[in-house]
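Some notes on the structure that comes next.
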2 protein chains.
Amino acid sequence: MKMSEGVEWALHSCVNLAWSGPDRAVSAARLAAWHDLPAAYLNKQLQALARAGIVTSTPGPRGGFRLARPLDAISLMDVVAAVEGPEEAFRCAEIRQQGPGAGAPAAHTADCAIAHAMTRAEMAWRRALAAQNLDEIRQQAERQAPEAPERLRAWLAAR
Amino acid sequence: MKMSEGVEWALHSCVNLAWSGPDRAVSAARLAAWHDLPAAYLNKQLQALARAGIVTSTPGPRGGFRLARPLDAISLMDVVAAVEGPEEAFRCAEIRQQGPGAGAPAAHTADCAIAHAMTRAEMAWRRALAAQNLDEIRQQAERQAPEAPERLRAWLAAR
DNA sequence: GCCCACGTACTCGGATAAGTGATGTCCGAGTGTAGTCGG
DNA sequence: CCGACTACACTCGGACATCACTTATCCGAGTACGTGGGC
C-alpha cells in the first residue's frame, strides 16, 4: 500500500501558493521548477485540486493556479481525497460469499465484520487528516525556515 | 492508494484457522477452496503470516498452517503489517530539498512539517488497527452466522 | 507376527510470468498581451 | 495621437506511452504416511 507521490507535491504546492500570495497566479511550470518536479505531471495533480475546489485555475498568459480559499480552510484530508480519490484503501470483496464457505444469504445482509473493523480504523485515519489544516503546516514550516516565503516570492518575481 | 486483497484473505483465513481448531493443520489449498480463491497466491499471503510469526507451517502430508497463538493475541495491525509490509503509506521524498526551493541545509535537520502531519494521521490509523484483535472479529462473525464454524469443520472433515 | 526400508503423494517455499494502476510525456483549445495598422 | 484588429506566446486540460507493483502461476525441496519385503 503506497500513497501517490502527488499528495506530497500537492501539499507543498498549496503552501507555496499561499506564500506566493493571493494576487498573482502561479503556473504549474513555476511550481514544478521550484522543487525540480516534472511539470506536466504536477499539472495533473493541480487539476485534481482544481476539480476539488481547492485551487482555481486561469488560462492564458499570466495565468496559473491560486488558492480558492485560505489555508486554514483546507485540511490534509481535502488534499488527499482530491489527489487519491475518495475510495477507501480497504475494499471488501465479500469473499465470504464465494465458494463452499458462502453461508445463508441472510447472513450477508449484515456488514462483514472484517470490513467493519477495517473501515473503523480508516475512519480514525481520515479524522486525523481532517483535523489538521494547511495553515498549521505553513506555520511549522516557517518556524523551521523563516526565510522560505520571501525566497519563493523573490524567485517568482525574477522571471 | 489501494490495500492488497491479500489482507482480506489473510484475515478470513486466520478466523477460519481458529474455527478449524488447533489440533489439525489446514493446507493453503483447503483454505483457498473454502472461499474460491487462487490457492497458490493465498499460499503466498500465508507465508507472509508465517514469517511474521502469526501462523506456523508444517510441510508434508497432513501438513498446512495453524495459528501460532490465540486469536485474541493477534491484532489487525499484525496481519496488515505482515501482508502489506511495515512501510508507511506516505513516504516523504523530501522534495523541499530539490531545485531552487532547497533552503539552507540546516533547515533539513528538522522533520518536514508535511511528513510529520501525515505520519501523525497514519499513527492514528495504526493504533486503531492495533486496538482490534481477531477474536473480536470472530465473535461478531459468529453472532451473524452461528453455524459457520461447524459448517467449516464438517467441510474440512469430509475430505 | 513384527520391523525396516522404500516409494508415493502431499505439503510448503520461492522463482517465474501477466495485468493493472501509478507515473511520465505530449499536443491541442483557449486566452490575455503586445504590436501594428488605419483613421 | 488614439483605437481597433491581428498575431503571438503562454496557460491549462486532457489524450497518449512507460514503468513499477500487485496479482497470478508454476515447479522443486522436503516430509509423513502407507506399503511391501525380509526376518
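Remember, predicted model here, so these are calculated numbers, not experimental data. In the text below, chain A, chain B and the rest are named by the order of the sequence lines, each starting its count at 1.
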To the nearest Å, give me how far apart [atom1] ([X]) and [atom2] ([N]) are.
X: L17(B); N: dC12(C); atom1: CG; atom2: P; answer: 11 Å
X: E87(B); N: dA20(D); atom1: CD; atom2: P; answer: 16 Å
X: L42(A); N: dT25(C); atom1: CG; atom2: C1'; answer: 14 Å
X: M3(A); N: dC21(D); atom1: CE; atom2: P; answer: 17 Å
X: K2(B); N: dT22(D); atom1: NZ; atom2: P; answer: 10 Å
X: D36(B); N: dA24(D); atom1: CG; atom2: P; answer: 12 Å
X: Q45(A); N: dC12(D); atom1: CD; atom2: P; answer: 14 Å
X: E5(B); N: dT22(D); atom1: CD; atom2: C1'; answer: 9 Å

Any side-chain N or O of [X] under 4.0 Å from OP1/OP2 of [N]?
X: Q47(B); N: dG14(C); result: yes
X: S27(B); N: dC12(C); result: no
X: R51(A); N: dG14(D); result: yes
X: K44(B); N: dT16(C); result: no
X: T58(B); N: dT11(C); result: no

Practice item. Nearest-nucleotide wise, let me know which of P59(A) and G6(A) is further upstream toward the 5' end of DNA chain C. Key: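 Result: G6(A).
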Exercise for review: By nearest nucleotide on DNA chain C, pick out whichever of N43(A) and R62(B) is the more 5' one.
Suggested key: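 The 5'-side residue here is R62(B).
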Counting side-chain heavy atoms from C-beta on, which of [options] comes nearest to [X]?
X: A40(A); options: dT23(D), dT31(D), dC26(C); result: dC26(C)
X: P38(B); options: dC10(C), dC12(D), dA24(D); result: dA24(D)
X: Y41(B); options: dA9(C), dT23(D), dC12(D); result: dT23(D)
X: P61(A); options: dG30(C), dC10(C), dT11(C); result: dG30(C)

Exercise for review: Check step by step if side chain to side chain donor-acceptor pair (under 3.5 Å) holds for N16(A) and S13(A).
Suggested key: CA-CA 5 Å; N16(A) 286 336; S13(A) 295; 5.3 Å; no
Check your understanding: Is A28(A) touching bases, backbone alone, or none of the nucleic acid, heavy atoms closer than 4.0 Å?
Key ->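 The residue A28(A) makes sugar-phosphate contact but no base contact.
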Review point. For A29(A), which contact category applies under a 4.0 Å heavy-atom criterion: base, sugar-phosphate, or nothing?
Key: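 No contact.
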Review point. If you measure from the Lys or Arg side-chain nitrogens to the Asp or Glu carboxylate oxygens, is any gap between R120(A) and E122(A) under 4.0 Å?
Key: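 Judged by the 4.0 Å cut-off on N to carboxylate O distance, R120(A) and E122(A) do not form a salt bridge.
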Exercise for review: Taking only Lys NZ, Arg NE, NH1 and NH2, and the carboxylate oxygens of Asp or Glu, determine whether E136(B) and R138(B) approach each other closer than 4.0 Å.
Suggested key: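 Not counted as a salt bridge, because no side-chain N and carboxylate O are separated by less than 4.0 Å.
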Practice item. Would you kindly compare S4(B) and L46(A) by the position of their nearest DNA chain D nucleotide and give the one closer to the 5′ end? Key: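 Closer to the 5' end of DNA chain D: L46(A).
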Practice item. Hey, which sits more toward the 5' end of DNA chain D by its nearest nucleotide, E84(B) or F65(A)? Key: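 Result of the comparison: F65(A).
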Review point. Once you round to the nearest 0.5 Å, how far does OG of S4(A) lie from CH2 of W9(A)?
Key: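 With rounding to 0.5 Å, OG (S4(A)) is 7.5 Å from CH2 (W9(A)).
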Practice item. First locate atom NE2 of H116(B), then atom CD of Q144(A), and finally report the distance between them rounded to the nearest 0.5 Å. Key: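 Rounded to the nearest 0.5 Å, the NE2-CD separation comes to 9.5 Å.
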Check your understanding: Do you know which of V83(A), I137(A), V79(A) makes side-chain contact (heavy atoms from CB on, under 4.5 Å) with L11(A)?
Key ->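 With L11(A) as partner, V83(A), I137(A), V79(A) yield a single side-chain contact (heavy atoms from CB on, under 4.5 Å), made by V79(A).
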